[in-house]
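Here's the structure, in structure tokens; my notes come after.
Chain identifiers are assigned alphabetically (A, B, ...) following the order of the sequence lines, protein sequences preceding nucleic acid strands; residue numbering begins at 1 within each chain.
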Protein chains: 2
Amino acid sequence: MNPMHDDDIANVMRALGHPVRLNILRILAAQRAGDCCCTDVTQNLSLAQSTVSQHIKVLLDAGLVERHPKGTRNCYSLRADRLADFGIACTGLFTGLTDHPVKELA
Amino acid sequence: MNPMHDDDIANVMRALGHPVRLNILRILAAQRAGDCCCTDVTQNLSLAQSTVSQHIKVLLDAGLVERHPKGTRNCYSLRADRLADFGIACTGLFTGLTDHPVKELA
DNA sequence: CGGGTTCATCGTTATTCAGCGATAAAAGAT
DNA sequence: ATCTTTTATCGCTGAATAACGATGAACCCG
């Protein structure tokens with residue numbers, strides 16, 4: 001709805017700027033929504049649980065993921081709305097960069 | 001042509017994960033191709049020349065920008081091919097995340 | 001040759017990041 | 001009430017980032 005501005009875009013880009021976090025997003029996408037907790041993610045990643053928790057926090061802070069507390073576990077799922085916003089912002093960015101106007105006529 | 005893999009995508013994302021670098025790309029896009037040098041960029045940015053040079057280097061290493069030495073100046077321009085590759089990789093990533101298959105039937 | 005530009009790089013400082021183990025809190029199970 | 005599971009957070013270490021000024025190399029122009 002409201003377009004993301006540069007700081008938002010940069011924040012999301014930075015959050016996506018680590019292969020482990022890309023993997024975490026894919027892992028979350030492959031699970032039933034709201035049924036994937038930190039240990040589930042950790043078992044797919046050969047990293048310490050605390051490290052995975054930190055990465056998830058980065059995704060949380062970037063707004064790409066949301067938390068659903070379920071008893072003793074915290075389940076995570078993708079925020080499709082934010083992903084869509086970011087996709088729109090990306091195409092806007094790319095076209096803005098590529099659709100160079102007639103720069104010769106300045 | 002060949003799809004970017006995760007490390008490439010993450011590298012580009014990290015390179016784009018700073019507002020100043022987004023601005024640099026826009027500045028380069030607004031200039032005649034191959035006619036924008038480091039000081040030109042610096043004059044639009046209120047940052048030290050060395051800092052701008054560093055940011056440009058990040059974009060160079062990410063393959064988003066290319067250098068054209070012209071006498072005593074180094075001119076920079078966007079690499080449209082890489083931007084296109086990255087755009088394709090992004091949409092592939094987003095659809096891969098959003099087009100969740102029927103996860104209930106596992 | 002000598003002076004002026006342009007620029008990447010070096011050295012420094014402060015901040016952030018990535019990874020780990022350990023720990024404590026919260027909630028469920030016995 | 002006690003034990004177990006899950007998880008976020010703390011403390012730590014090493015590496016990377018961001019910013020700057022200073023410097024030297026490379027190139028043009030007198």
Side-chain angles (χ1 to χ4, degrees), chain A residues 6-25 27-28 31-78, chain B residues 6-25 27-28 31-78:
Chain A
D6 266 18
D7 289 328
D8 288 335
I9 297 178
N11 278 335
V12 175
M13 289 277 190
R14 225 177 321 131
L16 296 179
H18 195 296
V20 167
R21 290 196 281 268
L22 295 180
N23 268 322
I24 292 178
L25 292 185
I27 292 169
L28 292 182
Q31 301 300 122
R32 242 185 331 239
D35 203 16
C36 190
C37 67
C38 183
T39 43
D40 294 335
V41 178
T42 303
Q43 283 166 353
N44 288 268
L45 278 180
S46 69
L47 279 175
Q49 176 267 328
S50 57
T51 305
V52 175
S53 185
Q54 278 289 107
H55 280 300
I56 291 177
K57 179 173 170 45
V58 174
L59 295 171
L60 261 178
D61 290 345
L64 295 173
V65 145
E66 59 189 358
R67 172 185 293 167
H68 311 281
K70 293 242 163 124
T72 172
R73 312 187 302 146
N74 277 348
C75 297
Y76 294 94
S77 58
L78 301 184
Chain B
D6 266 16
D7 289 328
D8 287 335
I9 297 177
N11 278 334
V12 175
M13 290 277 190
R14 225 177 322 130
L16 297 178
H18 195 296
V20 167
R21 290 197 280 269
L22 295 179
N23 268 324
I24 292 178
L25 292 184
I27 292 169
L28 292 182
Q31 300 301 124
R32 239 180 340 233
D35 203 16
C36 191
C37 66
C38 184
T39 42
D40 295 334
V41 177
T42 303
Q43 283 165 355
N44 287 268
L45 279 179
S46 70
L47 279 175
Q49 176 265 328
S50 55
T51 305
V52 175
S53 185
Q54 278 290 106
H55 281 300
I56 292 178
K57 179 173 170 44
V58 174
L59 295 171
L60 262 179
D61 291 345
L64 295 173
V65 146
E66 58 190 358
R67 173 184 293 168
H68 311 282
K70 294 241 165 124
T72 172
R73 310 189 301 146
N74 277 348
C75 296
Y76 295 94
S77 58
L78 301 183

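To the nearest angstrom, C1' of C:dT16 lies 14 Å from CG of A:D61. Rounded to an integer number of Å, the gap from A:K70 NZ to D:dT7 P is 13 Å. As a whole-Å value, the separation of A:H18 NE2 from D:dT17 P is 11 Å. Summarising the geometry, the separation between CG on A:L45 and C1' on C:dG19 is reported as 13 Å, rounded to the nearest angstrom. Taking atom CG of A:D35 as the reference point, atom C1' of D:dT6 lies 14 Å away to the nearest angstrom. One interatomic measurement links the two molecules: CG of A:L59 to P of C:dA18, which rounds to 11 Å at whole-angstrom precision. Straight-line distance from the CG atom of B:N74 to the C1' atom of C:dC7: 7 Å, rounded to whole Å. For the pair B:I24 CD1 and D:dA18 P, the computed distance is 11 Å after rounding to whole Å.
Comparing A:G71 and A:V58 along DNA chain C, the residue whose closest nucleotide (by nearest heavy atom) sits nearer the 5' end is A:V58. Map B:Q49 and A:Q54 each onto its nearest nucleotide of DNA chain D; the residue landing nearer the 5' end is A:Q54.
Regarding contacts with the backbone of D:dT17, every side-chain N or O of B:H55 stays at 4.0 angstrom or more from both OP1 and OP2. Remark: A:T51 is in phosphate contact with C:dC20, judged by side-chain N or O atoms under 4.0 Å from OP1 or OP2. Using a 4.0 Å cut-off, no side-chain N or O of A:R14 falls inside it from OP1 or OP2 of C:dT16.
Of all nucleotides listed (C:dA18, D:dT9, D:dG21), D:dG21 comes nearest to the side chain of B:A48. Taking only side-chain atoms of A:R21, from C-beta outward, the nucleotide of C:dC7, D:dA18, C:dA18 with the closest atom is C:dA18. Of the candidates C:dT6, D:dT7, D:dT9, the closest approach to any side-chain atom of B:C37 belongs to C:dT6. The A:K57 side chain lies nearest to D:dT9 when the options are D:dT9, C:dT9, C:dA18. Which of D:dA19, C:dA27, D:dT7 sits closest to the side chain of B:L47 comes down to D:dA19.
Using a 4.5 Å cut-off on side-chain heavy atoms (C-beta onward), B:L64 and B:L78 make no contact. You'll find the side chain of A:N23 stays beyond 4.5 Å of the side chain of A:N44, heavy atoms only.
For B:D35 and B:R73, the salt-bridge test passes: some basic side-chain N is under 4.0 Å from an acidic carboxylate O.
Between the A:D40 side chain and the A:C37 main chain, a donor and an acceptor come within less than 3.5 Å of each other.
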| request: Would you sort out whether B:N74 and B:I56 count as a side-chain contact (heavy atoms from CB on, under 4.5 Å), showing the intermediate values? | output: CA-CA 11 Å; B:N74 277 348; B:I56 292 178; over 6 Å; no
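You'll find a donor-acceptor pair under 3.5 Å spanning the side chain of A:S50 and the base of C:dG21, going by distance alone. At a cut-off of 3.5 angstrom, counting only N and O atoms as typed in the model, there is no donor on one side facing an acceptor on the other between the side-chain of A:T39 and the base of D:dT6.
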